[in-house]
Each structure stands twice: as C-alpha cells, then as structure tokens.
Asks: 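Structure provided below as structure tokens; questions to follow.
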Amino acid sequence: MNLARLDLNLVVALRALLEERNVTRAGQRVGLSQPAMSAALSRLRRHFDDDLLARVGGHYELTALGQVLLDRTSTAYDVLERLFASQADFDPARESREFKLIASDYAVCVFGAELARVVHEEAPGIRLRFAQTPTTVVDDTATLLSATDGLLMPHGVISDFPATDLYDDRWVFVVADDHPGVDGRLTRQDLARLPWVTYQRTYDAPAVRQLGMLGIEPRVEVSVDSFQLLPLMVAGTRRIALVQARLARLLAPLSAVRVVEPPYEAVPLREALWWHPVHTHDAAHIWLRETAARVGRRLGDAPAPGAR
C-alpha cells in the first residue's frame with residue numbers, strides 16, 4: 001500500500017458514509033455536496049473493490065466489508081485527528097482542547113475527580129472526557145491507546161507501553177456492618193465459605209491470581225460492572241467483596257459496610273497512566289502527564305487507609 005497515493009480526505013468521507021449509510025446525509029455532515037459525496041463513494045468502492053453500501057429496499061445497509069471497516073475507520077479518524085493536533089508548544093492557561101482518558105469507575109472516583117479539579121483551576125479551556133474501560137483492553141491495547149490520550153490502569157494487567165506512575169493503593173475486604181459471621185477479622189476459611197460480590201472485568205487480575213495461588217476459590221454470588229457498586233451489594237447481606245482501600249474509605253460511610261483487612265499479605269496496587277508512544281513528544285500530552293503525576297503525588301502523600 002502506497003500511502004502517498006491515497007487521499008486522506010477519503011477517511012473523513014468513508015467514516016461519514018459508513019455511519020450515516022446515506023450519501024446525502026453523509027455529505028451534509030462533512031460539508032460536501034451530494035454529487036461530491038457520490039464521487040467519493042465511487043472512489044472508495046474502486047479502492048476496496050466492494051460496494052460498502054448496498055441498497056436493500058428503500059435504504060442502504062453495510063456490506064460485510066463495510067461492517068468490518070466501520071470500527072476501523074473510526075479508530076483511524078481519531079488517530080489522524082490526534083496526529084495533526086500535535087503541538088510543539090502548549091500553554092494550558094490559553095489553550096482549548098479535550099483530553100480523552102479511559103478509566104474504570106474506581107480510577108475516576110479516586111484520581112479522576114482530583115485531576116479534574118486541578119485542571120479546572122489551572123487550565124479553564126481544557127476539557128476532560130472519561131470513558132469506561134472496555135473488556136477488550138488486554139486484547140487490543142495498541143488500538144485502544146492510539147485513539148485516546150491515556151489509560152488509567154494498575155500495573156500487572158498490560159505492559160510494553162510507556163506509563164507514568166500515579167499513586168499506590170491496596171486491597172481490603174468490605175462486609176456488612178451487621179454481618180453475623182464476621183466479628184473483627186476474616187479467616188481464609190471465611191473467604192472460601194462466604195458468598196462474594198466481584199467486579200466482573202479482569203483488571204484486578206493480580207489480586208485474583210493471588211487468591212488462586214493461595215488455594216482460595218471465591219464463591220461468586222453477584223457480579224457487577226462497577227467497583228462503586230460492590231459495597232452496595234454487600235450491605236445487609238452475608239456477602240464479602242475485595243475493594244481498593246482508597247475507594248472503600250470513600251464509600252464505606254455511605255453504604256453500611258465496614259472494612260476488614262485480608263487474612264493474608266495482599267499484593268499492592270500501583271495505578272499508572274499509560275499512553276501510546278505516538279503521544280510521547282507532544283507538548284500538550286507532556287503537560288497532561290506531568291499534571292497527572294503531580295496529582296498522583298498529592299494522593300500519595302495521604303497513604304491508603306487502614307481498616308476501621
């Protein structure tokens with residue numbers, strides 16, 4: 001493939017056509033006339049040797065290749081947009097820009113909220129957009145990072161990408177305030193006996209792997225897609241849940257639960273900001289990383305809390 005012979009404006013046209021599935025609407029979206037968008041569609045059909053849009057009754061549907069290209073085109077568009085938005089200099093007090101960060105609800109609650117406060121004070125024209133971490137993060141990390149400004153995730157899940165360490169945390173258990181079977185502490189036998197609430201994704205993999213190495217197989221009764229829901233699913237029940245200590249400190253007073261230390265030496269948790277190498281020398285991204293590191297150090301000055 002000779003990129004020098006390609007018109008990159010076709011990426012814009014392709015994305016609009018695949019998402020709108022209508023030549024007229026796609027043209028209106030990107031500011032092209034209907035004849036000009038029809039010509040772009042013809043060029044794209046010749047390039048891919050595929051109709052891309054096939055008429056079915058009174059409307060168009062994507063062909064099999066068009067469906068494949070739908071997600072790839074969106075990613076390519078985002079990468080190109082970020083590439084040509086790169087700057088040699090960046091003044092946060094004057095610039096207007098949006099940064100997109102992929103993060104779990106835990107990371108947004110514990111770290112993202114403080115980062116947003118600092119950005120609000122120091123860079124009023126900067127916008128932050130947090131998006132939920134997808135389940136495919138470990139399968140196609142490069143594609144995910146290439147289309148965003150960063151990923152908030154602890155060490156031990158992904159590797160081989162640059163990262164800035166932010167702060168340390170640790171794992172604790174939460175149980176109901178009035179749990180009948182747990183007095184002041186948990187035993188390993190309790191972990192195997194009692195029902196669990198778990199976070200259904202795999203980003204706490206080091207902690208889960210540790211349980212397996214200790215011969216503990218959690219009896220999962222409820223699985224949720226949010227760390228913040230764990231205490232709510234524990235309150236008023238016999239269930240237990242493994243939660244980050246910083247998040248437990250914030251949520252325990254609101255959820256009728258109490259924090260209990262693990263009956264073993266739990267693996268530590270070090271949160272980091274990961275990014276794609278394409279962003280490494282971009283002035284705006286350097287500012288973002290430095291600001292995130294500064295906020296992380298501020299959190300680190302307040303150690304993760306112990307059990308109460």
Side-chain angles (χ1 to χ4, degrees), residues 3 8-9 11-12 15 71-169 203 246 269-301:
L3 291 178
L8 293 183
N9 285 316
V11 176
V12 179
R15 183 188 188 192
D71 291 336
R72 293 183 180 180
T73 303
S74 179
T75 299
Y77 184 93
D78 289 342
V79 171
L80 289 172
E81 190 173 51
R82 294 177 188 281
L83 174 64
F84 287 101
S86 299
Q87 301 170 241
D89 300 298
F90 183 77
D91 184 353
R94 297 184 178 183
E95 297 286 349
S96 177
R97 173 170 173 168
E98 179 179 271
F99 290 100
K100 178 183 176 183
L101 297 173
I102 305 296
S104 68
D105 64 310
Y106 152 73
V108 175
C109 183
V110 171
F111 173 80
E114 182 61 25
L115 177 64
R117 281 191 286 269
V118 172
V119 170
H120 173 73
E121 295 172 358
E122 300 179 3
I126 301 302
R127 304 177 305 281
L128 296 177
R129 178 158 62 99
F130 293 98
Q132 181 70 18
T133 310
T135 56
T136 57
V137 61
V138 296
D139 301 321
D140 198 2
T141 308
T143 299
L144 178 68
L145 289 179
S146 68
T148 189
D149 291 296
L151 169 67
L152 297 176
M153 179 168 285
H155 286 275
V157 181
I158 64 173
S159 59
D160 300 327
F161 289 93
T164 294
D165 289 347
L166 299 176
Y167 62 90
D168 292 336
D169 207 342
Y203 313 141
R246 294 182 186 274
L269 184 157
R270 174 160 292 181
E271 193 76 3
L273 170 64
W274 304 80
W275 72 90
H276 195 282
V278 72
H279 301 310
T280 298
H281 301 295
D282 176 52
H285 202 274
I286 292 172
W287 171 83
L288 174 67
R289 300 195 306 262
E290 292 177 346
T291 303
R294 177 159 46 92
V295 172
R297 286 194 297 270
R298 185 182 302 176
L299 285 177
D301 290 339

Asks: Under a 4.5 Å cut-off applied to non-hydrogen side-chain atoms, are His276 and Ser146 in contact?
Replies: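 The answer is yes, as the side chains (C-beta and beyond) meet within the 4.5 Å cut-off.
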Asks: Under a 4.5 Å cut-off applied to non-hydrogen side-chain atoms, are Ile102 and Leu152 in contact?
Replies: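 No, too far: nothing below the 4.5 Å cut-off.
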Asks: To the nearest 0.5 Å, what is the distance between CD1 (Ile158) and CG (Asp139)?
Replies: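 If I round to the nearest 0.5 Å, the distance is 12.0 Å.
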Asks: Taking the six-membered ring for Trp and the full ring for Phe, Tyr or His, determine whether the centres of Trp274 and His155 are under 6.0 Å apart.
Replies: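 Yes; His155 has its ring centre under 6.0 Å from that of Trp274.
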Asks: Please give me the minimum heavy-atom distance between Ala103 and Ala107, naming the atom from each residue.
Replies: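 Distance-wise, the nearest heavy atoms are CB-CB, 4.0 Å.
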Asks: Find the distance between CD1 (Ile286) and CH2 (Trp275) and round it off to the nearest 0.5 Å.
Replies: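 The CD1 atom of Ile286 sits 9.5 Å away from the CH2 atom of Trp275.
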Asks: Just how far is it from atom CG of Asp168 to atom CG of Leu269, taken to the nearest 0.5 Å?
Replies: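 With rounding to 0.5 Å, CG (Asp168) is 8.0 Å from CG (Leu269).
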Asks: Would you indicate whether the side-chain heavy atoms of Leu299 and Leu166 approach each other to under 4.5 Å?
Replies: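 A side-chain contact is absent here, since even the closest heavy-atom pair is not under 4.5 Å.
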Asks: Look at the side chain of Thr164 and the backbone N and O of Arg289, then say whether any donor-acceptor pair between them is shorter than 3.5 Å.
Replies: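 No, because the side chain of Thr164 does not come within donor-acceptor range (under 3.5 Å) of the backbone of Arg289.
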Asks: Please identify which of these residues, Thr143, Leu145, Leu144, meets the side chain to side chain contact (heavy atoms under 4.5 Å, CB included) condition with Thr141.
Replies: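 Exactly one pass, corresponding to Leu145.
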Asks: Are any of the side-chain nitrogens in Glu122 or Arg294 under 4.0 Å away from the carboxylate oxygens of its partner?
Replies: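 Yes, Glu122 and Arg294 are salt-bridged.
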Asks: Would you indicate whether the side-chain heavy atoms of Glu271 and Asp169 approach each other to under 4.5 Å?
Replies: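 No. Closest side-chain heavy atoms not under 4.5 Å.
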Asks: Is it true that a side-chain atom of Arg298 and a backbone atom of Glu114 form a donor plus acceptor pair closer than 3.5 Å?
Replies: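 No, Arg298 side chain to Glu114 backbone: no donor-acceptor pair under 3.5 Å.
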Asks: Flag the pair Leu128 / Val119 as yes when at least one side-chain heavy-atom distance between them is below 4.5 Å, and no otherwise.
Replies: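 Yes, their side chains come closer than 4.5 Å.
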Asks: CG/Asp165 to CG/Leu273 distance, rounded to the nearest 0.5 angstrom?
Replies: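 If we round to the nearest 0.5 Å, Asp165:CG and Leu273:CG are 10.0 Å apart.
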Asks: Picking from Val108, Leu288, Thr148, what satisfies side chain to side chain contact (heavy atoms under 4.5 Å, CB included) with Leu101?
Replies: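 Passing option: Leu288.
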Asks: Closest approach of Phe111 and Gly296, non-hydrogen atoms and distance?
Replies: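 Shortest heavy-atom contact: CE1-N, 3.7 Å.
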Asks: Flag the pair Phe99 / Phe130 as yes when at least one side-chain heavy-atom distance between them is below 4.5 Å, and no otherwise.
Replies: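 No, too far: nothing below the 4.5 Å cut-off.
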Asks: State, yes or no, whether a side-chain contact exists between Val118 and Thr291 at a heavy-atom distance under 4.5 Å.
Replies: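 Yes. Closest side-chain heavy atoms under 4.5 Å.
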Asks: For a 4.5 angstrom cut-off between non-hydrogen side-chain atoms, does Arg246 reach Tyr167?
Replies: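 The answer is yes; the side chains approach within 4.5 Å.
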Asks: I need the minimum non-hydrogen distance between Pro277 and Phe161, along with the two atoms involved.
Replies: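 Nearest heavy atoms, Pro277 then Phe161: CD-CD2, 4.1 Å.
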Asks: Run Arg97 and Asp91 through salt bridge (charged side-chain N to carboxylate O under 4.0 Å, His left out) and show every step you take.
Replies: CA-CA 11 Å; Arg97 173 170 173 168; Asp91 184 353; over 6 Å; no
Asks: Ignoring hydrogens and angles, tell me if any N or O in the side chain of Ser74 forms a donor-acceptor pair with the backbone of Asp71 under 3.5 Å.
Replies: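 The answer is no, because no donor-acceptor pair under 3.5 Å joins these two groups.
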Asks: Any carboxylate oxygen within less than 4.0 angstrom of a Lys/Arg side-chain nitrogen, looking at Asp149 and Arg127?
Replies: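 No, no charged N to carboxylate O under 4.0 Å.
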